**Student:** 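Dropping the structure in here first, questions after.
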Amino acid sequence: MGTQGIPVLDRSEIRQHSSRKSCWIILNNTVYDVTEFLDSHPGGATLLLNHSGGDATEVFEGLHSPGTLERSLTPNQMVGCVAAVADDPKPKIDADAVQRRRVKLSSILSIGDFEKAAAQMLPVRSFAFFKSGAEDEYAYNWNLDSWKAIRLIPRVLRPVYVVDTGTSILGTRFSAPFFICPAGGGKLAHPSGEVLLTKAAARHDILHWVCNNAGCSKEETANARLHNQTLYWQIYAKSDLHESEREIKEALRLGYKAFALTVDAVRAGNRERDLRVGLEETLANGKAIEDEEETVDFANGQAVRRFWTTAVQWLRGLTDLPIAIKGIQCWEDAAQCLEYENVHPWLSNHGGRQIDASPSSMDTLVAIRKHCPDLCMKREVIVDGGVTRGADIVKALALGARGVGLGRAFLFSLALGEPGVSKAIRLLKDEIEMTMALLGVSSIDQLNPSHVSTSGLAKGIVYLPARL
């Protein structure tokens, strides 16, 4: 027993509790029994089981905001504390690894370069969490390729003197038509996490749409904003709607000016890249897996999918602010937004992290243009997924989108701190301005479907190799 009557546990004893039948984890040198919490964990049981019998502090703090532990677990679930080992050797610093992980910001020339830099700088587990898509990652890769299948049609005989990239998104005007997507895990990229995203967004007058699963709390991001900065908030409808209602009311009190209701994550997708890293670490630490079935659990116990009318009416009963329905993947669902005032479709397949055969947001946007083009005039269509260039953003706008979100791109840039995020924003702004000028367009409202060709999308044509 410890000095205050708290049991002191050896790590060898803790490692024995590494299954669904008995799952213990270490957080900040305190041991918790999370066995009964497995099926209600918002990220699914697999994430907890991957750390069962071991230390989950680094991952936990990277994915959760302050106060999450106290809200999720009871004092009765605390088992004890970890025994200190006096002769633990200090970890050796690998000078070659440190040198290899240094990346100069001046070497970054494109959004794609940030991913390469993050791969060098971040721990393998953190990078895998950001990078992973569902299963074989076809949807993830098609998100990238579908933008390239759309061709731009320049109008070179039109004079362009000054290019204005400003636009409004759900009632607020910003300097650019792209924004920082709600994406969790910012602290896995940088200790200050999403706060730096908010600060960089303020510096460049773009939107930061804050994730409710961020490592920083809604209070921390709200306190980081400038006095005239507008933030939006993203939510999931949890099993306990009273908890979601408290979250929404708190966001309203803090001044968030619009909401996104994510509807495509009733279960966590099978993200094998992420799971493989956890499995490799488990085996490297000498922890045996007694039953493989215990490690396979894709359910998200707290996210629920309710009837469309119920979900919207529930949220509309709490606020009359703009609402974006995030995760729409067909034109029929998008058209249903017309049934409600100030409700807008957000085309997204969750970054290719849910269903590996899902359509890209570009697929869905083109379907909307074909089957219900009036939707783009009556509602603000938002898209995300696979955007890496300013030209991608221009293509989406030409087809009727109002705003374009980037998630992974800004998480990768966050590995280089606020200067990295700022440079990512500048690169995208410069590429948009250049693309618009070369198209013969001087403002966002001049973009229209005549500036693009979608024939390559239907044929699945991305690159046409040269014939020599």
Side-chain angles (χ1 to χ4, degrees), residues 40-44 63-68 71-72 169-172 179-186 193-194 197-198 201 207-222 225 230-269 300-329 333 336-337 340-351 353-354 380 382 384 403 405 407:
S40 59
H41 181 240
L63 295 176
H64 299 88
S65 60
T68 300
R71 292 192 299 269
S72 303
I169 302 174
L170 300 187
T172 300
F179 61 91
I180 301 174
C181 261
E194 290 79 8
L197 297 177
T198 297
L207 170 63
H208 180 198
W209 207 315
V210 186
C211 178
N212 77 333
N213 282 339
C216 298
S217 68
K218 64 176 71 66
E219 293 85 359
E220 289 175 314
T221 49
R225 68 188 165 189
T230 297
L231 297 176
Y232 296 166
W233 186 253
Q234 175 266 339
I235 63 169
Y236 296 90
K238 296 182 179 179
S239 301
D240 182 359
L241 282 184
H242 294 295
E243 183 179 346
S244 295
E245 288 180 13
R246 289 193 297 270
E247 177 186 320
I248 293 165
K249 290 177 180 178
E250 182 66 11
L252 290 169
R253 184 186 67 80
L254 291 169
Y256 290 85
K257 296 300 184 183
F259 289 88
L261 175 63
T262 296
V263 295
D264 65 344
V266 64
R267 290 171 179 256
N300 182 338
Q302 288 197 2
V304 295
R305 178 179 294 157
R306 299 177 180 273
F307 289 119
W308 168 260
T309 54
T310 303
V312 175
Q313 289 172 358
W314 163 73
L315 186 53
R316 181 53 77 218
L318 298 172
T319 177
D320 59 359
L321 289 173
I323 299 171
I325 306 301
K326 184 178 184 295
I328 288 177
Q329 297 167 65
D333 282 353
Q336 289 191 53
C337 289
Y340 301 92
E341 290 296 326
N342 213 6
V343 173
H344 310 269
W346 185 328
L347 315 183
S348 173
N349 63 12
H350 218 94
R353 291 162 73 84
Q354 293 295 90
E380 296 188 19
I382 297 167
D384 73 34

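The first residue in the sequence is number 1, and the count goes up from there. Remember, it's a predicted structure, so these values are computed and weren't measured experimentally. The basis for the numbers below is simple: all heavy atoms, side chains too, and nothing from hydrogens, waters or symmetry mates.
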**Student:** Hey, is the main chain of Lys218 close enough, under 3.5 Å, to the side chain of Tyr256 for a donor-acceptor pair?
**Tutor:** yes
**Student:** For the atom pair CD (Gln234) and CG (Leu261), what is the distance rounded to the nearest 0.5 Å?
**Tutor:** 8.5 Å
**Student:** Calculate, to the nearest 0.5 Å, the distance between atoms CG and CG belonging to Leu231 and Leu254 respectively.
**Tutor:** 10.0 Å
**Student:** I'd like to check the side chain to side chain donor-acceptor pair (under 3.5 Å) partners of Arg253; sequence neighbours left out, ordered by chain and number.
**Tutor:** Glu250
**Student:** Run the side chain to side chain contact (heavy atoms under 4.5 Å, CB included) test against Glu341 and tell me which residues pass, sequence neighbours left out.
**Tutor:** none
**Student:** If you take all heavy atoms of Ala183 and Cys211, which pair is closest and at what distance?
**Tutor:** N-CB, 3.4 Å
**Student:** Which residues pass the side chain to side chain donor-acceptor pair (under 3.5 Å) test with Gln329, sequence neighbours left out?
**Tutor:** none
**Student:** Could you go through the side chain to side chain contact (heavy atoms under 4.5 Å, CB included) check for Ile328 and Cys337 one step at a time?
**Tutor:** CA-CA 10 Å; Ile328 288 177; Cys337 289; 4.1 Å; yes
**Student:** Can you name the closest pair of heavy atoms from Gly215 and Glu220 and give their distance?
**Tutor:** O-OE1, 4.4 Å
**Student:** Is a side-chain donor-acceptor pair under 3.5 Å present for Trp233 with Asn212?
**Tutor:** no
**Student:** Could you pull out all residues at least two apart from Phe259 that satisfy ring pair (Phe, Tyr, Trp, His ring centres under 6.0 Å)?
**Tutor:** none
**Student:** If I take atom CG from residue Asp264 and atom CD1 from residue Ile325, how far apart are they, to the nearest 0.5 angstrom?
**Tutor:** 11.5 Å
**Student:** Quick one: salt bridge (Lys or Arg N to Asp or Glu O under 4.0 Å) pairs with a partner in residues 208-217, sequence neighbours left out?
**Tutor:** none
**Student:** To the nearest 0.5 Å, what is the distance between CD on Glu380 and CD1 on Ile169?
**Tutor:** 8.0 Å
**Student:** May I have all residue pairs that pass salt bridge (Lys or Arg N to Asp or Glu O under 4.0 Å) and include part of residues 310-321, sequence neighbours excluded?
**Tutor:** none
**Student:** Testing Asp384, Ile235, Val263 one by one against Lys326 for a side-chain contact (heavy atoms from CB on, under 4.5 Å), which residue passes?
**Tutor:** Asp384
**Student:** Please determine whether side chain to side chain contact (heavy atoms under 4.5 Å, CB included) holds for the pair Ile180 and Glu194, giving the CA-CA distance in whole Å, both sets of side-chain angles, and the decisive distance to 0.1 Å.
**Tutor:** CA-CA 10 Å; Ile180 301 174; Glu194 290 79 8; over 6 Å; no
**Student:** Please identify each residue that fulfils side chain to side chain donor-acceptor pair (under 3.5 Å) with Thr319, with sequence neighbours left out.
**Tutor:** none
**Student:** Considering non-hydrogen atoms only, spot the tightest contact between Leu170 and Ala258 and give its length.
**Tutor:** CD1-CB, 4.1 Å
**Student:** Run the ring pair (Phe, Tyr, Trp, His ring centres under 6.0 Å) test against Tyr232 and tell me which residues pass, sequence neighbours left out.
**Tutor:** Trp209
**Student:** Looking only at non-hydrogen atoms, find the nearest pair between Leu207 and Phe179 and report the distance.
**Tutor:** O-CB, 3.2 Å
**Student:** Atom OG of Ser348 and atom CZ of Arg353: how far apart are they, to the nearest 0.5 Å?
**Tutor:** 11.0 Å
